[in-house]
Protein chains: 2
Amino acid sequence: MRLSTKGRYSVTAMLDLAIHDKAGPVTLADISQCQGISLSYLEQLFARLRKSGLVKGVRGPGGGYRLARPASEISIAEIICSVDENVDVTRCKGEGNCQDGGKCLTHELWTNLSNKLHEFLSGITLAQFVERPGIPELSMQRDKMIGRFVLAKKQAVAINRGVFNINKELVAKELAAKEALR
Amino acid sequence: MRLSTKGRYSVTAMLDLAIHDKAGPVTLADISQCQGISLSYLEQLFARLRKSGLVKGVRGPGGGYRLARPASEISIAEIICSVDENVDVTRCKGEGNCQDGGKCLTHELWTNLSNKLHEFLSGITLAQFVERPGIPELSMQRDKMIGRFVLAKKQAVAINRGVFNINKELVAKELAAKEALR
DNA sequence: CAATAACCAACTAAATTAGTCAGGAATTCT
DNA sequence: AGAATTCCTGACTAATTTAGTTGGTTATTG
């Protein structure tokens, strides 16, 4: 198990998706702007997340990415493992100095620790972070401040694709605010 | 908090030290040979471990490295943090798009998770791994198999420097076995 | 048809990891 | 005193990974 910036980017991006999941897909351009990661790099990361079955891409205007499963069924460990492929853990691969039919004792102790860590991160889901009281409201508030509108005109229609009923007044208001910023 | 091969090397090396701690210093050459890491690279890692006050170097023949504190007082988190310096966590440093006087909400959630992870690894000590029943015996057995002798002639004297009484018969036996291998 | 945004592949630049080399300093053994 | 051992240091190199760039194609919507 490794844990690099790559893993951090993926987890924060997935948290972003989880926060806005109820409001429809989130574009990589949005995440890129908000979290300061290059768009193409995000694309590379999401290619893996998609192959691992953690997210679904929705093409076309109003599209973006959504969680493929409920946030309560996606663990942090899964996200991290899907982006950085685990390399050779042992180095003395059965061969070499330390054999006893297997690995070094210290390597055994390490894999033991590694398993504990994995277990720990498997027990933490996206939902546990997002569904805390106040978070959804806070996120919506901030989105407005930074000019990020999940319910802009075109997207509203996309969302209407059989998911939610839209508050048309809210949509109009947000759209007006977005125009004002230009 | 990051977790790379660098951190793994350090943890396994420290485990090695902890296992053999009662028998005196362990040389980097030994660790290098047993775990398949280059000597100079280990030296670089141990320079940091020493600066962090986790190990003590003992120069001269019979020397090596020892734990600076009891294994029960050294956590995995400490080891990992001492070798890979933590880089910039945020990217949007107060400035940028996501301000509210502070960081992105997702970044807040991330630091929250990161803290939990750190807390978890702070709770695990070297001693917890080494002091399990059977481990010391197993390690000694293996050391003999691979021709690694913690109690060779010269070292025995070094250890005699006011730490332990040496079983002279055992020393002689190991020394004979070591000679036989050449 | 134009715009959006996911998808895809190849290439580049920067950073980190891992290893090499060449020595110096403390300690012990002969 | 001198040889051997082992830590300790710094500078330099090669390989790998991270991060970003460019230039597209495809599906969807208005």
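Keep in mind that this is a model prediction, so the values were computed, not measured.
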Encoded 5' to 3' (Watson-Crick or G-U under 3.5 Å; [ ] crossing; | other strand), DNA chain D becomes ||||||||||||||||||||||||||||||
Please determine if a side-chain N or O atom of [X] lies less than 4.0 Å away from the OP1 or OP2 oxygen of [N].
{"X": "A/Y65", "N": "C/dC7", "answer": "yes"}
{"X": "B/R50", "N": "D/dC7", "answer": "no"}
{"X": "A/S4", "N": "D/dT17", "answer": "no"}

Which residues pass the side-chain hydrogen bond (donor to acceptor under 3.5 Å, both in side chains) test with A/T12, not counting sequence neighbours? A/Q35
Test side-chain hydrogen bond (donor to acceptor under 3.5 Å, both in side chains) applied to A/S40 - qualifying residues, sequence neighbours left out: none
Produce the list of close N/O pairs, under 3.5 Å, pairing protein atoms with atoms of nucleotides 22-24 of chain C; give distances to one decimal.
none

Rounded to whole Å, please give me the gap between [atom1] in [X] and [atom2] in [N].
{"X": "A/R8", "N": "D/dT17", "atom1": "CZ", "atom2": "P", "value": "19 Å"}
{"X": "A/K51", "N": "C/dA6", "atom1": "NZ", "atom2": "C1'", "value": "13 Å"}
{"X": "A/Q44", "N": "C/dA5", "atom1": "CD", "atom2": "P", "value": "20 Å"}
{"X": "B/L39", "N": "C/dG19", "atom1": "CG", "atom2": "P", "value": "11 Å"}

Exercise answer: donor-acceptor pairs, residues 45-57 of chain B side-chain atoms, under 3.5 Å, sequence neighbours excluded:
from  : atom 1 : to    : atom 2 : distance (Å)
B/R48 : NH1    : B/V83 : O      : 2.5
B/R48 : NH1    : B/E85 : OE1    : 2.8
B/S52 : OG     : B/R48 : O      : 2.9

Residues pairing under salt bridge (Lys or Arg N to Asp or Glu O under 4.0 Å) where one sits in residues 114-124 of chain B, two or more places apart or in two chains, turn out to be none
So what does A/F46 touch, heavy atoms closer than 4.0 Å: a base, only the sugar-phosphate, or nothing? nothing
Under 3.5 Å, is there a donor-acceptor pair between the side chain of B/N115 and the main chain of B/T111? yes
